[in-house]
Amino acid sequence: MSFSQKLDSWYTDFGRSLPWRGIDDPYRIWLSEIILQQTRIEQGRDYYHRFLEAFPTVADLAAASEQQVLRLWQGLGYYSRARNVHAGAQYIMQECRGRFPDTYEGILRLKGVGRYTAAAIASFAFRLPYPVIDGNVYRFISRLHGIATPIGTAAAYNEFEALLLKQMDCRHPDRFNAALMDFGSLQCKPRPDCEACPFADECVALRTGRIELLPVKPAKARPKDRWFYYLHPRWQEAGREYTVMQQRTDQDIWRGLYQFPLLEADRELSDGELQQAMRRFAEENFQFPIPDAQCSPTFLHQLTHRTIHARFVQAQLPSRPTLLPENMRCLTAGQIKDFPLPRLIDRYLRQL
Ligand code: SF4
């Protein structure tokens, strides 16, 4: 039996049934692929349905505001994916007259779409013969052939793509790719079930005792520490509590999302330093003294390349600040819920 026949037979018995499988709507496939980057299927499934409910077509997504898109994306992280998918929808409506690109090269022009995602859309929606190579496929194929090239580079992608192209069932690239992804994810897992594997008799890693060593991953840089000190001003107005939220506008993490006014330091501040720095910060931004500020414990928030150490300083203001910088606005607790927030801010608000 050939590689693709063995794979296909395994897929018939064990393949997953997923809402974005067995369809050829490129918009839905694109959405699912972007959502599933860096996200587990169980979590991604809910977001996929929520997105389709809010934006059933690419035209609906293109017409939405960035704030609506980010609000729906809240909790998934990697917010550049949401901004890219939104920009991609606008590109399709404006530059492609509403028609989803139907070539691999055309799909690659969508913002945030790399070779893996383009291959997935091209094969699932248009039956084009491009193998998909995600982390699970790298693991399976590197073990099967004993390939020690560090993964995640363009050179590794070329090498694995060339190999898979020779083995692909080009009449059914969609099914071949779905089987490949499922096999890597369910069978050739980090701790694989080799006894039940149809490739056991030809697997180089199994024969040479290198299962734990493959795939070879590139060395990871240590995440950088950042210290975020948030001012949480509060005051009463007409029986309701208000605060100030600030939109992040810099080319940085969480761009477009809302947070409390932020004072970032280049090191950890002691309680005394924090009180002093925050007093100055409040006076500069709100022209109010904050004598009775309360500091929260540190919230640790881990991102792929950053470790955020955050503290929140609550301060009672006598009344609404009259002068606010352009990217800040006064909101009630109920109104905050309508704005897209980083998960860190959401965690803090839930603990209040
Ligand atoms: S034998 Fe084990 S390591 Fe090799 S491909 Fe099968 S599951 Fe993966």
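Residue numbers run from 1 in the order of the sequence given. Counting convention: from 1, in listed order, for ligands and their atoms alike. Every value quoted in this text rests on a predicted model; they were computed, and no experiment measured them.
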Pair Trp20-Tyr48, ring pair (Phe, Tyr, Trp, His ring centres under 6.0 Å): steps then yes or no: CA-CA 9 Å; Trp20 45 85; Tyr48 171 76; 5.1 Å; yes
Cation-pi, Tyr78 ring and Arg81 (6.0 angstrom, 45 degrees): no
Nearest neighbour in protein (non-hydrogen) for atom 4 (Fe) of ligand 1: Cys203 SG, 2.4 Å
Geometric class of the Phe312/Phe299 ring pair [parallel <30°, tilted 30-60°, perpendicular >60°]: perpendicular
Ring geometry between Phe183 and Phe140 (parallel below 30°, tilted from 30 to 60°, perpendicular above 60°): tilted
Protein heavy atom at shortest distance from atom 6 (Fe) of ligand 1: Cys197 SG, 2.3 Å
Closest approach of any protein heavy atom to atom 2 (Fe) of ligand 1, naming residue and atom: Cys194 SG, 2.3 Å
Matching residue for Phe260 among Thr243, Val244, Val313 - test: side chain to side chain contact (heavy atoms under 4.5 Å, CB included): Thr243
Numbered atoms of ligand 1 (with element) below 4.0 Å of Arg143, judged on heavy atoms: 3 (S)
Any N, O or S atom of Cys188 closer than 2.8 Å to atom 2 (Fe) of ligand 1: no
